[in-house]
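Some notes on the structure that comes next.
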Amino acid sequence: MSDIFFIIVALVCEFVGPVLLLGLVIWLIWGFVRIWRTKKSLSAAQGDDAALRMEHTRILSGLASFLGWAAFPVVLTAALAMDMEMQAALILAGICGAAALYVSQRLKSRYSTDFKEKLVRAELAKVFDNLSYKPEEAPALLSQGLLASFSTIRCNDLIAASYHGTDFMQCDIRIQDREEAVTTGEDGMQQSREIVTDVFQGRLMRFKADASARGPVQVMRYDFSADSLLKKQWQRVETELAAFEERFRVYAEDPLDAMRIMTPQMIEAIYYLDKKLDVPLLFHFEKGEMLVFIAQARDAFEVSGGKTLLEEKELLAKDIALVTGFLDTMYFKGRRKTADNDKKTEAAADKAADLSGTAFDAFSPSGTLSGLRSQMHGPMLLLCQAAFWLPVAVWGISVAYAILCLPDGIALSFSFIDGTAELADSCSTLAYCAVGALFVLPSAFLAGSSLACALNAFLLGGGRGMSMAGRLIQTVRYLFLAIFTGIPLWLHLFFISINMDYV
């Protein structure tokens, strides 16, 4: 028992200590970065009283949240130092922490409401006509066609407006389905229960499509996975564009409808959304309407405590530009010409047709590379899974190696004297591996998770709609996180290596 206690104390000092020290340094650096970003946002808000109030509310919300989490240990320690009973000290610390967190939540709610009502609504009104904006949960306007069979459809941040005379709708949507499942209990009696499954969660857009093509037709990106929305039992329609086929699949009840819908301008509009977002997409055409399902994790127009007001404004501008850019590409590109420019219009259409074959190359390192990525999607996922288990496998191999090659024990401390390593504080190898697993194994899982996220961001985009530069930044971020969370594992391997060198 004393041997195990000694190992725990030694590993806490040697494994946890460096992690806490490095974590403190990273926290301080990140704090300075946040202060710089906040000062930049406050400078940009000068002269706008409403923006200044929103930014101050956001800052106060973050400060109250920090005080709420910090209050519990501080108040508890102070109460115990004043000889207060443990139960009373816990209650007092809990009340103080909960009160601060409640204030933080109220301030955050006020900030979110002000952002949507005073900023989002005003920016939308500048661009769109006949605007109807419902920030809170609103009844879905889509209980027909493809979505009629689902039991629950919830949407918020609902926009219904027109852009240069073209009506459209957008909302953040969650689609669920319910089904009855019958189970047999231990007494032989059958019981029915309701199972709720998530079908899709993301963003939904609805636009007018070519009225001559009644559909239904679906165009799905290769990685769209909401099977309940897909109609793969329809006929697969192949296009003559190799780059398009590598990235998208087309299904239709009548192939002629697909041929009418997949015009050069429509293909270019699909490419536009794919380039801007790079997330799983589904385009559903039916009865003169087009539904666009965007499997994006971030809700439109929702504020985040980690971003300043200036950064939220930039995201809002991108969200609005996404809609206007898609509508411009699909409806208005080449249509605002006068009758005297018919030839130019025809030339623009020809150019659009050429673009449909090469647009994919415009936003990818190369058509071949992107095609290879789409074909290797399954192996890439397996590679990410392998990366997750790699640190755990390395730990297992090191433990087996240590038990076999260090039967007499393992040293937990060492010093260098005149270039020679002096090992000390030996303990049982088996006891070290068993107790060390409590520290090293969680580190290995965290490091593996970060490595898998790094590979996912670089190879597959992480499902976040990132550009190549964004993927590289995200990859480096996750690799650094893997190095940080894996510190106990790296120290464990270092100890094993030192002991092996001086066996």
Side-chain angles (χ1 to χ4, degrees), residues 141-150 165-169 199-200 204-275 280-295 326-335 337 342 345-362 367 370-371 374-375:
L141 305 179
L142 300 161
S143 56
Q144 57 184 353
L146 178 66
L147 303 179
S149 60
F150 298 109
T166 300
D167 295 333
F168 78 95
M169 189 220 72
V199 176
F200 175 81
L204 176 64
M205 299 178 179
R206 184 176 70 181
F207 306 96
K208 287 184 179 179
D210 188 356
S212 64
R214 304 298 294 171
V217 175
Q218 281 192 347
V219 181
M220 58 162 286
R221 210 174 89 152
Y222 65 91
D223 54 354
F224 191 87
S225 59
D227 291 334
S228 298
L229 294 172
L230 301 178
K231 303 297 181 182
K232 293 185 178 180
Q233 70 273 20
W234 295 348
Q235 296 185 53
R236 169 76 185 277
V237 181
E238 296 185 359
T239 67
E240 297 179 356
L241 303 174
F244 188 85
E245 286 293 318
E246 289 168 351
R247 203 161 180 87
F248 294 94
R249 309 287 183 264
V250 181
Y251 297 92
E253 286 188 344
D254 185 353
L256 292 177
D257 282 334
M259 294 174 64
R260 295 188 189 100
I261 288 174
M262 299 306 293
T263 62
Q265 203 158 3
M266 179 59 69
I267 291 175
E268 190 178 355
I270 292 174
Y271 277 141
Y272 172 85
L273 273 189
D274 195 27
K275 173 186 176 181
L281 299 170
L282 172 67
F283 301 82
H284 182 87
F285 303 86
E286 188 172 5
K287 297 179 180 178
E289 288 187 341
M290 174 175 62
L291 301 180
V292 183
F293 295 85
I294 303 173
F326 182 70
L327 287 168
D328 284 335
T329 304
M330 185 169 59
Y331 293 114
F332 305 117
K333 188 171 184 177
R335 292 192 184 184
K337 308 291 185 180
D342 286 342
T345 305
E346 293 176 4
D350 292 338
K351 184 178 180 180
D354 294 334
L355 266 173
S356 65
T358 59
F360 185 74
D361 297 330
S370 188
S374 64
Q375 294 174 9

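In this text, all values refer to a predicted model and were calculated from it rather than measured experimentally.
- The minimum heavy-atom distance between Arg206 and Leu291, with the atom names listed, is CG-CD2, 3.5 Å.
- Note that OG1 of Thr329 is 13.5 Å distant from CD1 of Ile267, once rounded to the nearest 0.5 Å.
- Of all heavy-atom pairs between Arg260 and Thr263, the closest is O-CG2, 3.4 Å.
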Q.
Checking Met266 against Phe285 for the side chain to side chain contact (heavy atoms under 4.5 Å, CB included) test, could you report, in this order, the C-alpha distance in whole Å, the side-chain angles of both residues, the deciding distance, and whether it holds?
A. CA-CA 12 Å; Met266 179 59 69; Phe285 303 86; 3.8 Å; yes
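- Remark: Ala258 pairs with Val217, Val237, Val250, Ala252 by the side-chain contact (heavy atoms from CB on, under 4.5 Å) rule, at least two apart or across chains.
- Atoms NE2 and CE, from His284 and Met220 in turn, are 14.0 Å apart once rounded to the nearest 0.5 Å.
- A donor-acceptor pair is defined here as one N or O able to donate and one able to accept, closer than 3.5 Å; such a pair exists between the side chain of Glu245 and the backbone of Thr239.
- For Glu238, the salt bridge (Lys or Arg N to Asp or Glu O under 4.0 Å) test picks out no residue, with sequence neighbours left out.
- Partner of Val219 under the side-chain contact (heavy atoms from CB on, under 4.5 Å) criterion, chosen from Phe224, Tyr251, Phe244: Phe244.
- Taken to the nearest 0.5 Å, the OG1 atom of Thr166 stands 8.0 Å off from the CE atom of Met330.
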Q: Could you check Leu281 against Ile294 for side chain to side chain contact (heavy atoms under 4.5 Å, CB included), going step by step and ending with a plain yes or no?
A: CA-CA 5 Å; Leu281 299 170; Ile294 303 173; 3.8 Å; yes
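- In this structure, CZ on Arg221 lies 12.5 Å from CD1 on Ile270, to the nearest 0.5 angstrom.
- In terms of heavy-atom proximity, Gln235 sits nearest to Glu253 at NE2-O, 3.4 Å.
- Note: Phe248 and Tyr271 have perpendicular aromatic rings, judged against thresholds of 30 and 60 degrees for the angle between ring planes.
- In this structure, the separation between CD on Gln218 and CZ on Arg249 is 14.0 Å, given to the nearest 0.5 Å.
- For Phe326 and Phe207, the ring centers sit closer than 6.0 Å to each other.
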Q) Hey, mind stepping through Phe283 and Leu273 against side chain to side chain contact (heavy atoms under 4.5 Å, CB included) and telling me if it holds? A) CA-CA 11 Å; Phe283 301 82; Leu273 273 189; 3.9 Å; yes
